[in-house]
Every structure is written in structure tokens, then in C-alpha cells.
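Take a look at the structure below.
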Number of protein chains: 2
Amino acid sequence: MAHRARLAVMTTGPLIAEVAALVGDPARANMLTALMAGKALTASELAYVGGVAPPTASGHLAKLAQARLVVVATQGRHRYFRLASVQVARMLEGLMAVAVDGPPRHRPTGPRDKALAAARTCYDHLAGGLGVGLADALTRRGLVQLDDDGGAVTDDGHRFLAEFGIDLEQAGRSRRIFCRPCLDWSERRWHIGGAVGAALADRCFGLGWIARVRDTRAVSVTPAGRSGFAESFGLEIDEGGQTAPKAA
Amino acid sequence: MAHRARLAVMTTGPLIAEVAALVGDPARANMLTALMAGKALTASELAYVGGVAPPTASGHLAKLAQARLVVVATQGRHRYFRLASVQVARMLEGLMAVAVDGPPRHRPTGPRDKALAAARTCYDHLAGGLGVGLADALTRRGLVQLDDDGGAVTDDGHRFLAEFGIDLEQAGRSRRIFCRPCLDWSERRWHIGGAVGAALADRCFGLGWIARVRDTRAVSVTPAGRSGFAESFGLEIDEGGQTAPKAA
DNA sequence: GCGACGCTTCGGCGCGCGCCGAAGCGATCA
DNA sequence: TGATCGCTTCGGCGCGCGCCGAAGCGTCGC
């Protein structure tokens with residue numbers, strides 16, 4: 001039995017607590033959140049986003065690395081950290097989904113918040129109004145199906161995505177291409193995660209329709225993107241970056 | 001725009017930290033883990049599983065309830081707590097998935113660990129060797145497709161499940177029934193979560209093929225279950241509760 | 001080679017949070 | 001009605017962990 005159960009890690013409570021405690025420090029949480037942009041950041045940058053001094057950040061990062069929440073690549077004197085896996089990103093998503101279901105909180109908001117809500121990266125795919133707008137457009141057109149338990153690309157969807165420049169075909173395989181529904185914490189609805197979501201984001205970046213905003217996870221839609229999304233997805237994106245279905 | 005972005009909860013780092021810090025206490029983590037059995041437990045029972053005195057447990061539970069990780073129902077002098085939502089269960093799963101990817105740890109194991117690995121509830125569906133065995137049997141027979149980004153019941157699968165006593169048809173809808181792949185932390189492979197997984201578990205409990213083990217999340221397979229799983233799923237479950245495909 | 005910079009380690013400090021015994025309140029039962 | 005039980009609140013205690021300035025090491029650029 002190659003799949004004989006692993007019996008070495010059975011005490012789930014303490015294991016969960018250990019990981020959660022690491023994420024439960026505000027400085028570390030801020031760092032992990034910043035790494036949700038999908039890029040690698042230096043220790044100094046992470047100290048800055050964590051709001052702590054460099055020595056403190058060093059300690060935090062050592063812990064995150066030891067626990068395999070982040071991985072580090074050294075380039076000269078620079079140490080670049082990124083999230084260790086998509087599982088870590090999903091864990092953070094799960095925490096966020098629970099947090100937004102929590103007790104009402106009044107928090108001041110600013111321009112950065114609007115920008116994040118309009119469009120941002122959720123690790124490797126698009127989120128916010130734009131991410132949800134894309135998911136809505138694709139489902140409305142019958143190109144994708146999404147519900148609580150999952151999603152898939154339809155036959156029409158395959159064709160559409162191929163024309164859009166995304167080739168998800170697996171040679172000789174007749175398997176359905178699944179879409180991972182990812183709960184969007186600002187919109188409280190699904191955007192598309194997984195391989196399809198990542199491919200969509202990649203393609204949009206590649207077309208120059210969207211660009212990353214420096215020092216933040218926000219994504220801005222370019223003028224080319226405004227017309228591209230309108231034409232290909234029937235989405236209108238206004239001057240403030242808000243996404244809505246195009247009026248018929 | 002009814003779906004106008006919520007702008008009140010934008011500072012994700014602190015939000016995530018708050019929830020994670022709650023889960024990061026060992027006593028609270030143990031409580032939440034116990035509630036992953038899918039049943040409600042009293043404050044006293046939770047004090048016991050948390051390994052703390054009743055006054056301490058009271059404080060912990062108040063925090064969990066305030067943050068809406070648990071909900072409480074009062075029956076006379078008994079206070080029954082359960083997980084507040086499936087989102088909370090998924091969050092805990094996500095933490096566990098990351099934890100088992102963490103650094104190697106040596107931990108003593110005992111009979112309870114074996115039992116949990118063999119078969120247990122993961123909130124509302126089956127996990128462990130049995131849960132993964134079921135998923136494998138269903139995929140092997142082409143009744144279900146599962147991969148990293150999702151899963152779905154095939155046409156054959158619909159028929160099979162209907163015959164098995166699970167009716168997932170949605171009246172007049174041609175939508176595909178998706179299966180949520182849930183990463184099994186003891187097997188390190190997918191078992192089936194979501195509505196399909198829950199329905200499967202329900203049905204097996206209903207048939208008396210499996211029974212809950214008192215004071216634990218472990219699930220034991222009954223003699224009726226042993227023959228039932230063999231006949232319906234081609235699974236052999238030995239005296240120790242280990243699940244394997246039946247030899248051809 | 002030297003100074004600047006990124007990063008880590010060290011040591012001391014202070015704060016927060018979980019701990020439990022005692023006490024109190026309300027529900028249950030004989 | 002009185003005793004028992006489940007649960008919560010209160011108050012004091014101790015421990016752990018994050019904080020940062022100082023110092024040290026290695027890399028980089030002039």
C-alpha cells in the first residue's frame with residue numbers, strides 16, 4: 001500500500017495552532033498579505049509593509065521560512081521572499097473569508113482601498129470588481145459554470161478562451177477543465193482562481209490590458225484594457241476603475 | 001449596482017491576523033478541531049478537549065463566538081457550541097493543509113491516531129483512508145472527476161449515486177454537479193467535500209455502514225459497512241479499519 | 001580599499017494574554 | 001425547597017513573545 005496513511009502528524013489541534021499563531025501576528029500577517037500580490041519582496045520591503053524595524057522583520061521572516069510559509073532566494077545582499085505555495089495563498093484566502101463574515105467593524109477607508117476593491121491580484125489570479133466581473137461575464141455567457149462546490153469551463157468556453165489566447169487543452173485528454181471558485185472578500189462573490197484564473201490574469205497582463213500598481217496588490221486597467229474588456233467580455237470599466245456589465 | 005464593492009473592510013493584514021490569532025491558541029485550536037466532527041459540544045466538553053479549566057474555556061468560547069467562528073445554542077443550563085459555518089471548516093482545513101507541508105516533526109502516535117487516519121469526519125464529509133478510498137473508487141470508475149482545481153460528477157456518476165440513494169438532481173437544471181476536492185491531511189490526497197461529500201457521508205451513516213466513535217472525530221466501519229463498501233465501491237476494509245481497493 | 005547598504009544576531013524591556021481558584025448566577029432534580 | 005451542576009465573571013499571577021538599538025558580517029559600488 002503505497003498510500004498507507006502517514007501516522008506521524010496526527011495531533012491536528014496543536015499543528016493548526018502553530019501555523020495560525022504565526023499568521024496571527026499583525027506584522028507577519030501584513031507581510032504575508034503583501035506577498036499575496038504574487039511577487040517576491042525583499043526583507044527590507046517586508047519590514048516596511050510589516051511596519052517593524054529590520055531586526056524584527058528578520059526574526060519574523062526566519063520563523064515564516066522555518067515553517068515553510070515562505071521561501072527565500074538570495075541575490076547578493078538582497079533576500080527575496082515569496083509565499084511557499086499556492087496552499088499558503090489558499091489558507092490566507094480562507095482566513096480572509098472568515099474574517100469578513102465576522103462582527104461588523106468600522107474601518108476608515110482610503111484611495112488604496114478603493115483601488116484594491118476595484119482590481120487586485122489574489123496570488124496568481126484576478127480579484128475585486130474586475131475579477132468578479134470577469135467571472136460574471138463568463139458565467140452569464142455560458143462559457144464557465146461556477147457554484148459553491150466548484151466550476152468548469154464549458155465547450156463554448158474552451159473555444160472562447162482559445163480565441164482569447166488561452167490554450168487549456170490537454171493533449172489527447174477529454175477531461176473537463178475545472179475552474180476553482182475563489183471567494184472574493186471585497187465583493188463577497190466568486191472570482192475565478194486555479195489554473196484558469198491564473199491563465200486569464202497572465203493573458204490580460206500580457207495584452208497590456210492591466211498593469212500592477214507599484215507597492216500594492218492593486219491592479220490598474222489600462223486604456224487598451226478598457227476597450228479590450230468591453231469588446232471581449234462586455235465589461236465597462238469607468239474612470240475610477242469600477243467594473244460593470246456593459247449596457248445592452 | 002447592487003454589487004457595489006464593500007469598502008468597509010479593506011485592511012486585510014490586521015483582519016487576517018485577528019482571526020488567525022484566535023485559532024493560534026492551542027486550547028482554542030483543539031476546540032475548533034473537535035468541532036470539525038460536525039457536532040455541537042457543550043462548554044464543559046470543550047473545556048475538556050481544550051485541556052483547560054472551565055473558566056478559561058468560557059473566556060475562549062466567548063472570543064470565538066464574538067468573532068463568529070462558533071455559534072451557541074442554550075438548552076437549559078447547557079450551552080452547545082458548533083462551528084459557525086462551512087467557511088470556518090474550510091479555513092481550518094486550509095491551515096491543516098499548510099501545517100502538514102511544514103517542517104518534519106516527530107510526534108508520538110497512538111491508537112486514536114490510527115483510527116483518525118483510517119476514517120474520520122472532516123466537518124460534513126468523510127476523510128482519511130476511507131474518504132480517499134471512496135474518492136479513488138469513484139474516479140477510477142469514471143463516476144467522478146477530480147483534480148487540483150475542482151471536480152464533477154459524470155453522467156454515469158449521477159446514475160450510480162441515484163441508485164446508491166443520493167439524489168443530487170436539481171429539477172429542470174442541466175447544470176453539472178460539482179465535487180469539491182478537499183485535501184486530506186493524513187493521506188495527502190483528495191477526498192470529496194462539498195455537497196456531494198456530505199451526501200455520501202449522510203447516506204453511509206444512514207445505511208449504518210459507518211458510526212461515529214464517541215469523543216472523537218473517528219468513524220468506525222460496521223460489519224454491514226464492510227460488505228456494503230466492498231459491494232458498492234469495490235473497497236476492502238480490514239479489521240484495523242484500513243481501506244484498500246478490492247483485488248480484481 | 002573604503003564607505004554605504006542589506007540583513008542578521010544579540011540583549012534587555014514591556015506588554016498582553018492565558019492560566020486558575022474563588023465566587024456568583026441560573027437551571028435541574030429529588 | 002435545598003443541593004447539585006453547568007457556566008460565567010473576577011482578580012491576581014506568570015510566561016512568552018514582539019519590540020528596537022547596537023553591533024557585526026557580507027555584498028555592492030565608486
Side-chain angles (χ1 to χ4, degrees), chain A residues 13-35 39-82 102-103 215, chain B residues 13-35 39-82 102-103 215:
Chain A
L15 279 187
I16 280 176
E18 206 168 309
V19 174
L22 287 173
V23 185
D25 174 74
R28 288 198 289 268
N30 284 333
M31 291 177 187
L32 292 167
T33 300
L35 291 173
K39 300 182 306 178
L41 295 174
T42 62
S44 298
E45 288 169 325
L46 289 166
Y48 178 75
V49 297
V52 292
T56 307
S58 273
H60 286 314
L61 292 168
K63 285 184 177 178
L64 293 174
Q66 208 275 329
R68 296 185 187 167
L69 296 198
V70 297
V71 288
V72 60
T74 304
Q75 288 181 30
R77 62 190 172 183
H78 290 282
R79 312 259 291 170
Y80 284 90
F81 294 84
R82 58 183 170 86
D215 292 336
Chain B
L15 279 186
I16 280 176
E18 207 169 307
V19 173
L22 288 172
V23 185
D25 174 75
R28 288 198 290 268
N30 284 332
M31 290 176 187
L32 292 167
T33 299
L35 292 174
K39 300 181 306 176
L41 296 175
T42 62
S44 297
E45 288 169 324
L46 289 167
Y48 178 75
V49 298
V52 291
T56 307
S58 275
H60 287 314
L61 291 168
K63 284 184 177 178
L64 293 174
Q66 208 275 326
R68 296 187 188 165
L69 296 198
V70 297
V71 289
V72 60
T74 305
Q75 289 180 29
R77 62 190 174 183
H78 290 282
R79 312 260 289 173
Y80 284 90
F81 293 83
R82 58 184 171 84
D215 292 336

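Order of the sequence lines fixes the chain letters, A, B, ..., with proteins taken first and strands second; residue numbering starts at 1 for each chain. The shown structure was predicted, so the numbers you read here are calculated from the model rather than taken from an experiment.
From A:Y80, atom OH reaches atom NZ of A:K39 across 10.5 Å, with rounding to the nearest 0.5 Å. Atoms CG and CG, from A:L35 and A:N30 in turn, are 11.0 Å apart once rounded to the nearest 0.5 Å.
Between A:H60 and D:dC17, a side-chain N or O to OP1/OP2 separation shorter than 4.0 Å is absent. For the pair A:K63 and D:dG18, the criterion of a side-chain N or O lying under 4.0 Å from OP1 or OP2 is met.
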Identify all pairs in which a protein N or O lies below 3.5 Å from an N or O of nucleotides 4-11 of chain C, and state each distance.
unit_1: C:dC5; atom_1: O2; unit_2: A:R77; atom_2: NH1; d: 2.9
unit_1: C:dG6; atom_1: O3'; unit_2: A:R77; atom_2: O; d: 3.3
unit_1: C:dC7; atom_1: OP1; unit_2: A:R79; atom_2: N; d: 2.9
unit_1: C:dC7; atom_1: OP2; unit_2: A:S44; atom_2: N; d: 2.8
unit_1: C:dC7; atom_1: OP2; unit_2: A:S44; atom_2: OG; d: 2.1
unit_1: C:dT8; atom_1: OP1; unit_2: A:R79; atom_2: NE; d: 3.2
unit_1: C:dT8; atom_1: OP1; unit_2: A:R79; atom_2: NH2; d: 3.4
unit_1: C:dT8; atom_1: OP2; unit_2: A:S58; atom_2: OG; d: 2.3
unit_1: C:dT8; atom_1: O5'; unit_2: A:S58; atom_2: OG; d: 3.3

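Comparing the start and finish of the helix from C:dG1-D:dC30 to C:dA30-D:dT1, five pairs each, the helix axis swings through 30°, to the nearest 10 degrees.
With hydrogens and angles ignored, the 3.5 Å screen pairs a side-chain donor or acceptor of B:R28 with a backbone N or O of B:L22.
Heavy atoms of other residues, nucleotides or ligands lying less than 6.0 angstrom from CZ of B:R82 number 12 at most.
Taking a 4.0 Å limit (strictly below) on heavy-atom distances, residues 20-30 of chain A does not reach DNA chain C anywhere.
When all heavy atoms of A:P26 and B:A17 are compared, the pair lying nearest together is CA-CB, 3.9 Å. In terms of heavy atoms, B:G50 sits closest to B:M31 at CA-CG, 4.4 Å. Residues A:T33 and B:G13 approach most closely at OG1-CA, 3.5 Å, considering heavy atoms. Shown here for B:A47 and B:P54, the closest heavy-atom pair between the two residues is CB-CA, 4.2 Å. B:A57 and B:V52 get closest at one heavy-atom pair: N-CG2, 3.9 Å.
Evaluated for a side-chain contact (heavy atoms from CB on, under 4.5 Å) with B:L46, the options B:L32, B:V70, B:L61 yield exactly one hit, B:L61.
When rounded to the nearest whole Å, the span between CD of B:Q75 and P of C:dC29 equals 13 Å.
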